[in-house]
Amino acid sequence: DFGLAFVKGMMSAGQTLPAHGCICISVNDRDKEEMIAIARDFTEMGFTLIGTRGTAEALADHDLAVRKIFKVNEGRPNIADAIRNGDVDLMINTPLGASSHYDEHALRRAAIEQHVPIITTLSAARAAVEGIRHLRAQVLTVKSLQS
């Protein structure tokens, strides 16, 4: 199963996906429409959402409960502060263009410091949804290659 394989791959890279908690979402304009269904899946599993202004507005326009938070260059408290405070369990960020470079660097640094996984593509976000569903439904097992 792809979702389960994704979770195991993340774990082998030292990134454990959360089974519950808060997801921070900041996606570029091209990804907002597709992010809505993914965010809805996360909320149906009981996750809470925070998002940057544009992303939060797009999600709220589709009746998703989301709290707005500043980008790093917009003021405080911002996404990096929330990560450092332990308020974020998973970050979904699809940066695009030079203007997102400053935020991207600050987010990655904060996430690495706090061991918060960052997902940077929508395909990985969809795989994370599938994987987390499997984690909640069954115990992870490992088989040897010979098996």
Within-4.5 Å side-chain heavy-atom neighbours: Thr48 and Arg67 = no
Please check if the side chain of Arg136 supplies one atom and the backbone of Gly131 the other of a donor-acceptor pair under 3.5 Å.
-> no
Kindly compute the distance separating CD1 (Ile36) from CG (Asp61), expressed to the nearest 0.5 Å.
-> 8.0 Å
Would you say the side chain of Lys68 lies within less than 4.5 Å of the side chain of Ile50, judging by non-hydrogen atoms?
-> no
Is any side-chain heavy atom of Asn93 closer than 4.5 Å to a side-chain heavy atom of Ser26?
-> yes
Give, for atom CD1 of Ile23 and atom CG of Leu90, the distance between the pair rounded to the nearest 0.5 Å.
-> 5.0 Å
Phe70 meets the side-chain contact (heavy atoms from CB on, under 4.5 Å) criterion, sequence neighbours left out, with Glu74, Asn78
Pairs touching residues 14-26 that satisfy salt bridge (Lys or Arg N to Asp or Glu O under 4.0 Å), sequence neighbours left out = none
Donor-acceptor pairs are to be reported for all side-chain atoms of residues 113-121 against protein atoms at under 3.5 Å, with residues two or more places apart or in another chain.
from: Glu113; atom 1: OE1; to: Arg84; atom 2: NE; distance (Å): 3.2
from: Glu113; atom 1: OE2; to: Arg109; atom 2: NE; distance (Å): 3.4
from: Thr121; atom 1: OG1; to: Ser123; atom 2: OG; distance (Å): 3.3
from: Thr121; atom 1: OG1; to: Ala124; atom 2: N; distance (Å): 3.1

Is there side-chain contact between Val7 and Met10, with at least one heavy-atom pair below 4.5 Å?
-> no
Of all heavy-atom pairs linking Ala125 and Ile38, the shortest is CB-CG2, 4.0 Å
Test side-chain contact (heavy atoms from CB on, under 4.5 Å) applied to Asn28 - qualifying residues, sequence neighbours left out = Arg30, Asp31, Thr94, Leu96
Value for OG1 (Thr55) from CE (Met35), rounded to nearest 0.5 Å, stands at 8.5 Å
Side chains of Phe47 and Asp41: closer than 4.5 Å at any heavy-atom pair?
-> no
Qualifying residue for side chain to side chain contact (heavy atoms under 4.5 Å, CB included) with Cys24, from Val88, Asp89, Leu49 | Val88
Pairing residues for Arg76 by the salt bridge (charged side-chain N to carboxylate O under 4.0 Å, His left out) criterion, not counting sequence neighbours = Asp81
Closest approach of Val27 to Lys32 (non-hydrogen atoms, all atoms of both residues) = O-NZ, 2.8 Å
Between Ala80 and Ala110 the two heavy atoms that sit nearest each other are O-CB, 4.0 Å
Which residue pairs pass the salt bridge (Lys or Arg N to Asp or Glu O under 4.0 Å) test with at least one member in residues 121-132, sequence neighbours excluded?
-> Glu34-Arg126
One should read off an interatomic distance between His134 NE2 and Phe6 CZ, to the nearest 0.5 angstrom, of 13.0 Å
Is Phe2 reachable from Leu135 through a run of I, L, V, M, F, W or Y residues, each pair having side-chain heavy atoms under 4.5 Å apart?
-> no
Interatomic distance, Ile25 atom CD1 to Leu64 atom CG [nearest 0.5 angstrom] | 8.5 Å
Hey, are the side chains of Ile69 and Arg53 touching, using non-hydrogen atoms and a 4.5 Å cut-off?
-> no
State plainly whether one hydrophobic cluster holds both Leu17 and Met45, where clusters connect Ile, Leu, Val, Met, Phe, Trp and Tyr through side-chain heavy atoms under 4.5 angstrom apart.
-> yes
